[in-house]
Number of protein chains: 2
Amino acid sequence: MLKLSKKADYGLMALQYIASVQFDDVARARIVNTKEIAEEYHIPVELLAKVLQALAKHGLVESQNGPKGGYLLARNAGAITIAQVLEAIEGPLGIADCYHDKEESVCVQREHCNIRTPLRKVQDSIYQLLNSMTVEDMMGGTPLITIQPTTTAEGVER
Amino acid sequence: MLKLSKKADYGLMALQYIASVQFDDVARARIVNTKEIAEEYHIPVELLAKVLQALAKHGLVESQNGPKGGYLLARNAGAITIAQVLEAIEGPLGIADCYHDKEESVCVQREHCNIRTPLRKVQDSIYQLLNSMTVEDMMGGTPLITIQPTTTAEGVER
DNA sequence: ACTTTGTCCGACTAATTTGATCGGAGACCT
DNA sequence: AGGTCTCCGATCAAATTAGTCGGACAAAGT
């Protein structure tokens with residue numbers, strides 16, 4: 001329940017990875033390609049590509065075509081919130097459809113719905129939470145070992 | 001994204017309804033049956049039944065069989081949190097499987113996963129939020145239209 | 001300048017999850 | 001004791017999601 005999709009997971013991982021690379025090699029500003037990330041995390045290449053496409057379409061990352069091409073962050077890691085990432089990948093987020101004000105969700109029980117207002121508060125809280133956290137926090141929060149042997153980010157314990 | 005299932009919606013509506021009825025007719029302690037709730041909110045009877053069964057199984061509501069049977073809250077509305085309801089209906093909640101400590105979720109990228117720790121903080125915050133809100137809050141919090149023509153449970157102020 | 005290689009990009013197919021349904025078992029009232 | 005109304009578990013269909021395939025584009029290398 002409330003579990004976010006694999007595409008969302010992949011997207012967050014990819015962004016964190018790209019951010020890390022850019023942070024480490026800030027001088028070189030290296031561009032990372034889909035294959036590199038996919039192999040690092042053992043996720044299907046094409047699926048990750050699709051996710052990155054979505055992120056590029058929403059302006060979170062810049063795509064560069066051709067050999068030596070790949071992706072890089074469109075703006076500073078601290079300016080990309082988790083909420084933005086999730087919305088780019090999975091569409092507008094919300095625990096119920098009736099808050100989107102779209103016409104398609106008429107919701108027959110709208111009239112007698114007793115939980116609409118209280119649930120809205122829950123949703124707003126979650127949204128606020130997801131919007132207060134950026135991919136930079138995902139790096140900083142991670143104990144991201146100081147020593148980085150090769151290319152591995154080994155990880156996390158505790 | 002992050003949208004909770006219809007079963008979850010139905011369950012919350014039903015609990016709110018039962019709680020309202022019990023609050024109003026506290027003296028009579030009326031037992032409401034599935035059909036009544038289903039007709040009130042225009043939701044499929046059998047599906048709602050299934051949801052209520054799950055709630056009963058997890059000890060959130062008491063079921064009474066036979067004619068004049070139905071459901072009533074197992075404990076005070078203030079002692080039933082949203083998190084408990086969702087978990088009863090949809091299983092353990094969490095934005096990722098790797099926090100459940102179950103064996104089935106090995107997650108190949110566990111080793112190199114950079115987002116595990118930061119996402120855990122997000123999850124904990126959400127869980128805390130859902131656990132701090134009870135069905136009683138869903139009654140009091142709702143401004144629940146003052147004018148209610150037909151039958152109803154209006155009620156509660158505060 | 002052309003070919004070749006490697007990348008991003010959009011549409012299609014398969015699998016899992018979710019929504020809804022049906023028939024049976026148990027309990028109360030007459 | 002019979003009938004009726006309720007809850008309960010298993011089964012089926014629809015929708016969402018995960019994953020795959022081939023084409024288009026751009027930059028190197030010759």
Side-chain angles (χ1 to χ4, degrees), chain A residues 1-11 14 18 30-39 41-58 60-72 74 86 88-93 95-97 104-105 107-109, chain B residues 1-11 13-14 18 30-39 41-58 60-72 74 86 88-93 96-97 104-105 107-109:
Chain A
M1 192 59 211
L2 279 184
K3 187 181 56 171
L4 42 84
S5 67
K6 289 191 177 180
K7 287 198 291 185
D9 284 337
Y10 297 160
I18 296 174
R30 187 162 75 81
I31 291 181
V32 296
N33 62 359
T34 307
K35 191 181 173 188
E36 177 182 343
I37 305 176
E39 288 183 351
Y41 296 113
H42 303 94
I43 59 186
V45 188
E46 296 86 0
L47 184 56
L48 177 61
K50 213 181 142 185
V51 171
L52 288 174
Q53 287 165 27
L55 292 178
K57 200 166 193 174
H58 285 255
L60 294 177
V61 295
E62 300 278 347
S63 70
Q64 191 158 329
N65 218 342
K68 294 285 293 175
Y71 293 95
L72 74 159
L86 296 182
I89 297 175
E90 299 277 355
L93 52 82
I95 56 179
D97 289 327
E104 71 262 20
S105 56
C107 182
V108 280
Q109 52 257 34
Chain B
M1 193 60 208
L2 279 183
K3 184 181 61 170
L4 42 83
S5 66
K6 288 191 177 180
K7 287 198 292 185
D9 284 337
Y10 296 161
M13 288 189 215
I18 297 175
R30 187 162 74 83
I31 292 181
V32 298
N33 61 0
T34 306
K35 190 181 172 188
E36 177 181 343
I37 305 176
E39 288 182 350
Y41 297 112
H42 302 94
I43 59 186
V45 189
E46 295 85 0
L47 184 56
L48 177 61
K50 212 180 143 186
V51 172
L52 290 174
Q53 287 165 28
L55 293 178
K57 201 167 193 173
H58 284 255
L60 294 177
V61 295
E62 299 276 347
S63 69
Q64 192 158 332
N65 216 340
K68 292 288 293 178
Y71 293 94
L72 74 159
L86 296 183
I89 296 175
E90 300 277 354
L93 51 84
D97 288 328
E104 71 261 21
S105 56
C107 184
V108 280
Q109 52 259 34

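Each chain gets a letter, A, B and so on, in the order its sequence line appears, and its residues count up from 1. Remember, it's a predicted structure, so these values are computed and weren't measured experimentally.
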Nearest to the N65(B) side chain among dA18(D), dT6(D), dC9(C), which nucleotide is it?
dT6(D)
Does the side chain of N33(A) get closer than 4.0 angstrom to OP1 or OP2 of dT7(C) through an N or O atom?
yes
Of L4(B) and K35(A), whose closest DNA chain C nucleotide lies nearer the 5' terminus?
K35(A)
The nucleotide from dG19(C), dC8(D), dG19(D) with an atom nearest the side chain of K50(A) is dG19(D)
Both A49(B) and K68(A) contact DNA chain D. Which one's nearest nucleotide lies toward the 5' end?
A49(B)
Distance below 4.0 Å between Y10(A) side-chain N/O and dA18(D) OP1 or OP2
no
Could you walk me through whether I31(A) and K68(A) pass side chain to side chain contact (heavy atoms under 4.5 Å, CB included), step by step?
CA-CA 8 Å; I31(A) 291 181; K68(A) 294 285 293 175; over 6 Å; no
Considering only NZ, NE, NH1 and NH2 on the basic side and carboxylate oxygens on the acidic side, decide whether K35(B) and E46(B) come within less than 4.0 Å.
no
Here the distance between atom P of dT16(D) and atom NZ of K3(B), to the nearest Å, is 7 Å
What integer distance in Å separates Y41(B):OH from dA20(C):P?
17 Å
Using the rule given for side chain to side chain contact (heavy atoms under 4.5 Å, CB included), can you reason through L4(A) versus D9(A), listing the C-alpha separation, both sets of side-chain angles and the distance that settles it, and then say yes or no?
CA-CA 7 Å; L4(A) 42 84; D9(A) 284 337; 2.6 Å; yes
Given dG9(D), dT21(C), dG10(C), the nucleotide with the shortest approach to the side chain of P44(B)
dT21(C)
In whole angstroms, how far is the P atom of dC9(C) from the NZ atom of K57(A)?
10 Å
Atom pair distance, as rounded to whole Å: CD in Q53(A) and P in dA11(C):
11 Å
Between V32(B) and L72(B), does a side chain to side chain contact (heavy atoms under 4.5 Å, CB included) hold up when you go through it step by step?
CA-CA 7 Å; V32(B) 298; L72(B) 74 159; over 6 Å; no
State whether S63(A) places a side-chain N or O below 4.0 Å from either non-bridging phosphate oxygen (OP1 or OP2) of dT7(C).
no
Picking from dA20(C), dC28(C), dG6(C), the nucleotide nearest the side-chain atoms of L47(B) would be dA20(C)
Gap between atoms CD1 and C1', on I43(B) and dG19(C) respectively (whole Å):
12 Å
Output yes when at least one side-chain N/O atom of T34(A) is less than 4.0 Å from OP1 or OP2 of dC8(C), else no.
yes
Between dA14(D) (P) and K6(B) (NZ): distance, integer Å
14 Å
Given dG19(C), dA27(D), dT21(C), identify the nucleotide with an atom nearest to the side chain of K7(B).
dG19(C)
Integer-rounded Å distance: dC8(D) C1' and Q64(B) CD:
16 Å
State the CG-OH distance between N33(B) and Y71(B), to the nearest 0.5 angstrom.
10.0 Å
Spacing between E46(B) atom CD and dA20(C) atom P, to the nearest angstrom:
11 Å
